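Scroll down for the structure; my scribbles are underneath it.
Bear in mind the structure is a predicted one, so any value in this text is a computation, not a measurement. Side chains included, hydrogens not; waters and symmetry mates left out as well; all remaining heavy atoms used.
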Amino acid sequence: MPPFASPIERIWFWLHRALCALVLLFLVLPILIIVPLSFNESSFLLYPMTGFSFKWYAAFFNSPEWMLSLKNSLIVAPAATIIAMLLGTLASVGLTRAEFRGKALLQSVLISPMVVPVVIIGVGSYLFYAPLGLVNGYTALILVHAALGVPFVIITVTATLAGYNHNLTRAAASLGANPLTAFFKVTLPIIAPGVISGALFAFATSFDEVVVTLFLAGPEQATLPRQMFGGIRENINPTIAAVATILIVFSTLLLLVLEWLRGRAERMRTALD
Amino acid sequence: MTTLAAKPPLLSKDGLPLKRQLARAERASKLKALALILPLVLFLAAVFVLPLIGLLGKSVDNPEVVRFMPRTVTALQGWDGRGLPAEAAYAAVAHDLAAAREAQTLGDLGKRLNMEVPGYRSLLGKTARRLPLEPAPAAFKTALTELDERWGDPVYWQAIRRNTEATTPFYLLAALDRHVDEQGEITRVDPGQAVYVDVFARTFWMSAVITVLCLLIAYPLAYLMASLPARRANLLMICVLLPFWTSVLVRVAAWIVLLQSGGLINGALQWLGLIDAPLQLVFNRLGVYIAMVHILLPFMILPIYSVMKGISPSYLRAAISLGSHPFAAFWRVYFPQTLAGIGAGGLLVFILCIGYYITPALLGSPNDQMVSYFVAFYTNSTVNWGMATALGGLLLIATLLLYIVYGWLVGAKSLKLG
């Protein structure tokens, strides 16, 4: 705000600031509002709070259904993440190494799982995997979740590789390293932040996925979001607030790790240049 | 005088032209790169593309009549669809229905033909219960018509005749509220039965509203973030990314808590004296709009912000120093430069919106459901694969067309996350 600003500009400036504050409130408030209610005594999700209690967390950890869904999520999400990360990183290295016709098109196809409506993926997968006997099991669920995570790995890893100095690989090769050694000793450590953030995105995608799970999972494979979906649809209770709080803490941690990785990558890039 | 053509080609140490060796090395490196991409391409082809192709195939799949009434299909080949078919067709129906009853496929057949002519299921059931006719009648035509006079109505025969092919546009047409009438023309269905065009229109309308709301909210915030110093902009960025990273179901639950009739929003409005009785803010269109804008806002903020960050503030200053009013300078100098970001964010939000399922399903009334809901409904509740895949197929095609526009305008590789 320059000192010579006219009154109208001043009003406009503060109006803009106030509007932005409201938008930020809109973004963050709903997430913060549900946290205290998970410690509420009352079984209604209403303010004012009536007393402090951990009982909804106890209800979560003592419920066989919730624990089963947590276990399922912790089986499906890491497995899907590993597949997406391995295939996605390999493909990203290939995509940045060569120019060929149809590359943009191929890249669009590889990213398309992100934009195709999940319901369609769910129905299509059900029709495809049911005759193979893979519905109501982990296999199909893991494979489709991996496909959903691939775009995130491709986007983050190609972005990181775009800033990678390929002379470093050439230097390693001229010093006698074979391509594999050069990749693992030189390229991978430098692009690691991108690979890890891609993996975190893929993990979060699977960990939050409910629609494909609705179609492909039986009651034995119900994941945490699937269990939440059922809970919200039938009768929303404070146990859901407790689960939500745990997930918020979890996603905050993920976000902080990601920001740290990005800072690290930027420092590394400036150091290398 | 030497010419360029006379110059001897450069040779490498093993005597080959350098140019050819370079081409060979480049080809080898290209092949290596493709070999790295191949595993992912095969994986996505098998896990992602094949199921989608299967879904599109299923939307025109018409197996019931062809598979369960083979004799009738053959017998009807010579019939032109006018009047009643010949005696052979009646005999064939009697045989086919007896066999279908035996093989317990009558249910699927009845379900399919009932979509063509209401009441067909009961006709098949009633007929099949009396089959096989013992002793074999002299004329099946009279026997069947005596059994149920509907066999004397050409409408029921035309329904079979329309389905003697293994593929049909029936479901795709039905998903657009069209059908093939008795004359073989594509016509609108009765206004009372027409629902899906409205559903598609509602889907696009709601997506457009949500996209515009996202844009109006995202633009000022992105502008502030782009004009702040990096450290403070990062702090705001975390506020944008925190909801982005939080589970969609957590956010839906949070909005229910906030918007319910005893929730904080209603409480605050009542406390301020703005309203007397709680407003219905959730389980209606308003609730869907609020939660969807909240969920999709980061997808609008991020592309606009990344475009704004690349715009030098000196343009705006130059315009003002040349005598332009600050508002005019903003509108005529700054805003046009952000159109790329608006286009990218708007298209992305719109594409993600038209396929959304969870939020309308959990926060909307039956009148706020979009196409995805009906796809899931026909899959889970009534197991009508034809309608589920036809609606899904049309939605898929709409999404892919928009995605092509997106790739053409923005380039899919410019998608950025955080």
**Asked** Considering residues, nucleotides and ligands other than Ile8(A), do more than 12 of their heavy atoms fall under 6.0 Å from its CD1?
**Response** no
**Within 6.0 angstrom of Lys103(A) NZ, more than 12 heavy atoms from elsewhere** =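 Above 12, so yes.
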Pairwise distance [atom1]([X]) to [atom2]([Y]) - rounded to 0.5 angstrom:
{"X": "Leu255(A)", "Y": "Met237(B)", "atom1": "CG", "atom2": "CE", "result": "10.5 Å"}
{"X": "Ile31(A)", "Y": "His294(B)", "atom1": "CD1", "atom2": "NE2", "result": "5.0 Å"}
{"X": "Leu396(B)", "Y": "Ile121(A)", "atom1": "CG", "atom2": "CD1", "result": "9.0 Å"}
{"X": "Glu209(A)", "Y": "Leu249(B)", "atom1": "CD", "atom2": "CG", "result": "9.5 Å"}
{"X": "Phe215(A)", "Y": "Asn380(B)", "atom1": "CZ", "atom2": "CG", "result": "5.0 Å"}
{"X": "Leu127(A)", "Y": "Leu50(B)", "atom1": "CG", "atom2": "CG", "result": "13.0 Å"}

For [X], is it the side chain, the backbone, both, or neither that has a heavy atom closer than 4.5 Å to a heavy atom of chain B?
{"X": "Leu90(A)", "answer": "both"}
{"X": "Leu254(A)", "answer": "side chain"}
{"X": "Leu214(A)", "answer": "side chain"}
{"X": "Leu32(A)", "answer": "neither"}
{"X": "Leu86(A)", "answer": "neither"}
{"X": "Leu27(A)", "answer": "both"}
{"X": "Ile240(A)", "answer": "side chain"}
{"X": "Tyr126(A)", "answer": "side chain"}
{"X": "Leu200(A)", "answer": "both"}
{"X": "Leu143(A)", "answer": "both"}
{"X": "Ser112(A)", "answer": "both"}

**Message:** How close do Phe48(B) and Pro113(A) get, counting heavy atoms only, and between which atoms?
**Reply:**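 Reported closest heavy-atom pair: CZ-CA, 3.6 Å.
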**Prompt:** Top residue by heavy-atom pair count (under 4.5 Å) with chain A, among Ser247(B), Gly263(B), Ala388(B)?
**Reply:**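 Answer, by heavy-atom pair count under 4.5 Å with chain A: Ser247(B).
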**Asked** Is there a donor-acceptor pair closer than 3.5 Å between any side-chain N or O of Gln260(B) and the backbone N or O of Leu45(A)?
**Response** yes
**Request:** Report yes or no: does Tyr403(B) contribute a side-chain atom to a donor-acceptor pair with the main-chain N or O of Ser108(A) at less than 3.5 Å?
**Result:** yes
Taking side chain as everything from C-beta outward and backbone as N, CA, C, O, which of these in [X] sits under 4.5 Å from a heavy atom of chain A? Side chain, backbone, both or neither.
{"X": "Leu44(B)", "value": "side chain"}
{"X": "Thr246(B)", "value": "both"}
{"X": "Ile265(B)", "value": "neither"}

**Request:** Anything under 30° is parallel, anything over 60° is perpendicular, the rest tilted; go ahead and classify Phe201(A) against Trp245(B).
**Result:**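 Taking Trp245(B) first and then Phe201(A), their aromatic rings sit tilted (interplane angle of 30° to 60°).
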**Message:** Would you call the rings of Phe327(B) and Trp12(A) parallel, tilted or perpendicular, taking 30° and 60° as the class edges?
**Reply:**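 Geometry flag for Trp12(A) against Phe327(B): perpendicular rings.
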**Request:** Heavy atoms only, distances under 4.5 angstrom: which of Leu247(A), Val28(A), Val123(A) has the most pairs with chain B? Name it, please.
**Result:**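 Winner by heavy-atom pair count: Val123(A).
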